[in-house]
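Protein chains get the first letters and strands the later ones, always in sequence-line order, with residue 1 at the start of each. What you see below is based on every heavy atom in this structure, not just the backbone, and it leaves out hydrogens, waters and symmetry mates.
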2 protein chains.
Amino acid sequence: MTDTTSRAASPTLDEVAVLAGVSRATVSRVVNDSPKVSPEARQAVLSAVAQLRYVPNRMARSLVTRRTDTVALVLNEPNTQVFSDPFFASIVRGVSATLADTDLNLVLLTAQDEREQEKIGRYARQGHVDGVILMSVHSDDPLPDILEEAGIPLVLCGRPFDDRAVAYVDADNRGGAREAAAYLAASGRRRIATITGPLDMIAGVDRLAGYQAGLAAAGQEVRADLLAEGDFTEVGGARAMAALLERAPDLDAVFVASDPMAVGALRALREAGRRVPEDVAVVGFDDAAVAERCDPPLTTVAQPLTDMTPLLTELLLRQIEGVGEQAESRVCRTHLVRRASA
Amino acid sequence: MTDTTSRAASPTLDEVAVLAGVSRATVSRVVNDSPKVSPEARQAVLSAVAQLRYVPNRMARSLVTRRTDTVALVLNEPNTQVFSDPFFASIVRGVSATLADTDLNLVLLTAQDEREQEKIGRYARQGHVDGVILMSVHSDDPLPDILEEAGIPLVLCGRPFDDRAVAYVDADNRGGAREAAAYLAASGRRRIATITGPLDMIAGVDRLAGYQAGLAAAGQEVRADLLAEGDFTEVGGARAMAALLERAPDLDAVFVASDPMAVGALRALREAGRRVPEDVAVVGFDDAAVAERCDPPLTTVAQPLTDMTPLLTELLLRQIEGVGEQAESRVCRTHLVRRASA
DNA sequence: CGGGGGCGTGAGAACGCTCTCACGGCCGTG
DNA sequence: CACGGCCGTGAGAGCGTTCTCACGCCCCCG
């Protein structure tokens, strides 16, 4: 009776075994509920487990099983503003919800700079996780290479820049943007500008390409002065809009590559005294919650997030289970949500 | 030469040892850079490590050291909207930056419901992390109890409801709110309303108490019809503001317990045709980035985030290192940032 | 020239778990 | 009544580290 407060010192499998009057192996079987245990033995073990508040040591278990039952969702984003982007929140929430039904744990890892990216690479290579979902991939990210080389199951959220054989899930950014541009052209707009995402991200590139394709299909010229690069943030969107207005005061529409940027653009337009949609029509991308409640409500290209997040985890799990499986990818359709801004 | 593509099968310590022509122990010493190794041996080991691309297996290491060199930051938030609150993003970023200089890894864990909270509790008890920083604690959260009982080092971001002996870091919510209310009273406002945070969170409770104290100190009555409960989101703030306007059309000021809510309140006021600050003065709380760029720019109570995040990690590290240390806590001063809204 | 004291090294026992294997006991069948 | 098979169980060998010891070696001092 020397210690009661100190030294929690988690009980081990054999302590449970001794208390239950069985062998370590039997306790292990009960804990991993193997069917090959007699009801009496199982009962004895269970009450011993309860009495000692036994929790299996994951490190010991992982050491032999080579599984951690943990997957990582990596937010690879230097721009801190973007961090509170509702798109991230939706993905995180969706993946987390999908995984909640399994016995897998989800951890979020964030990297603001290359040093932190390498730290994450190390973390993964050391065997902390069974697989990785990688978001917000920039063109110069080292992480995909590191993980691939280490043979860690990997799914990208957004298609990779090069045509590497890696699994990914993406929205049809090009198609969605094309539809948005075509829609603006069809509604009579003739000087359709665009605020792009960062062009070192594939979503930025693809949405720009879609915009250009949409204009071309409508027989409109793609003018360089109608293009401004944003960074997916509200502030960036406002700044780009202001630049656009100065450079091309005659624009009558703008396709903005994300909703947070579109909100910023809306603000810049208001400050410049332009009416939306009368003077300038605005179409966003994402269909974030904010699109519904901004002024005016935003016409926007909806990303099929409810399809994408289950797919993301499904593809990862399949890679973790199946050893020699082929990397499989999926592109999800978008659709235009018409509201008041265009 | 049977396999070259397949089976990465990470090399182990003894494979390195064999290649370097030394013992396992020596390799271990080099890897953990112990000083007691001859330069030649060290060199041999290092090149063997490089050649085999050896990475130590964390599970095996943790099994014996009982350390994981990982800490968790838990976002305990059922309300998905709040998830993209800039306050969270700031804390995450701050803690992450502080930890970047150490060899500790940071993982983010999110819980949307009780089931996920228990999953996180299990995760921690299984020995995945050396310590936990817990954010966004609601009054009925089971996690603090679970972690405390399991003896896992824990720091709360925000003081606990009961006076339990747990380390925490908090802003002086009460003092900040009192200053805000006093400021509004001093500038001649006579019907000062408030939009509170969720009252199952200590920040919500404390900011309300501060508001009441500020009014009382100014000799003003605390009217029940001037109080509306929000949920720290923009939408919630707008809704609460609308309710307030309906209930007490004569209000001439409002203290809003968070900046996102204040943005919503601003919108509701605009829609109701009230001018800010002429008709209604508005003061927020947080000094989030959005406070600077909303219309009009928001007078708000600044939280000392740059003090709080290093403190958070420091207190946790001290608990992880020092075995028998007393739980130590800190409250950081706020200050009022005057802009145009009040 | 002999003995003590570092210093670098290696052998081997943990750490807590899983998993293979072999072994008794019971059943059903020949 | 003997025998093969199955089922529940336990003994023991790992999994890849760290860490404690003990052991040579060389240097310095007496």
Looking at [N], I'd like to know if its phosphate oxygens (OP1 or OP2) sit under 4.0 Å from a side-chain N or O belonging to [X].
X	N	answer
A:Thr26	D:dG10	yes
A:Arg66	C:dT18	no
A:Ser38	D:dT9	yes

| said: For the helix from C:dC1-D:dG30 to C:dG30-D:dC1, what angle separates the axis at the start from the axis at the finish, each from five pairs, in steps of 10°? | reply: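 Rounded value for the end-axis angle: 50°.
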Starting from [atom2] on [N], measure out to [atom1] on [X] and report it in whole angstrom.
X	N	atom1	atom2	value
A:Arg42	D:dC7	CZ	C1'	14 Å
A:His128	D:dG16	NE2	C1'	14 Å
B:Gln43	C:dG8	CD	P	16 Å
B:Lys36	C:dG6	NZ	C1'	8 Å
A:Arg67	C:dC19	CZ	P	11 Å

| message | Could you work out, with side chain to side chain donor-acceptor pair (under 3.5 Å) as the rule, every residue matching B:Asp103, not counting sequence neighbours? | response |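 Not a single residue meets the side chain to side chain donor-acceptor pair (under 3.5 Å) criterion with B:Asp103.
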| field | Contact list for residues 124-155 of chain B, test ring pair (Phe, Tyr, Trp, His ring centres under 6.0 Å), sequence neighbours left out | value |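 Residue pairs with at least one partner in residues 124-155 of chain B: B:Tyr123-B:His128.
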For residues 33-40 of chain B, dump all side-chain donor-acceptor pairs below 3.5 Å to protein atoms at least two apart in sequence or in another chain.
{"unit_1": "B:Ser34", "atom_1": "OG", "unit_2": "B:Lys36", "atom_2": "N", "d": "3.2"}
{"unit_1": "B:Ser38", "atom_1": "OG", "unit_2": "B:Ala41", "atom_2": "N", "d": "3.3"}

| message | Can you confirm whether B:Val74 sits close enough to B:Ile133 that some side-chain heavy atom of one is under 4.5 Å from a side-chain heavy atom of the other? | response |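 Result no, sub-4.5 Å side-chain heavy-atom pair not found.
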Sequence neighbours left out, cut at 3.5 Å: what donor-acceptor pairs do the side chains of residues 156-169 of chain A make with other protein atoms?
{"unit_1": "A:Arg159", "atom_1": "NE", "unit_2": "A:Asp206", "atom_2": "OD2", "d": "3.0"}
{"unit_1": "A:Arg159", "atom_1": "NH2", "unit_2": "A:Asp206", "atom_2": "OD1", "d": "3.0"}
{"unit_1": "A:Arg164", "atom_1": "NE", "unit_2": "A:Glu148", "atom_2": "OE1", "d": "3.3"}
{"unit_1": "A:Arg164", "atom_1": "NH2", "unit_2": "A:Asp145", "atom_2": "OD1", "d": "2.2"}

| request: Just do the salt bridge (charged side-chain N to carboxylate O under 4.0 Å, His left out) check on B:Asp130 and B:Arg66 with the steps written out, would you? | output: CA-CA 9 Å; B:Asp130 293 340; B:Arg66 341 228 73 201; over 6 Å; no
| Going 5' to 3' along nucleotides 17-25 of chain D, which nucleotides have protein heavy atoms under 4.0 Å from the base (write B), which only from the sugar-phosphate (write S), and which from neither (write -)? | BBB------
Of all heavy-atom pairs between [X] and [Y], which one has the smallest distance, and what is that distance?
X	Y	answer
A:Met59	B:Gly127	CE-O, 2.9 Å
A:Ser96	B:Gln112	OG-NE2, 3.9 Å
B:Leu109	B:Ala72	CD2-CB, 3.8 Å

| field | Pairwise 5' ranking along DNA chain C for B:Val37 and B:Leu63, keeping only the more 5' one | value |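 Between the two, 5'-proximity favours B:Val37.
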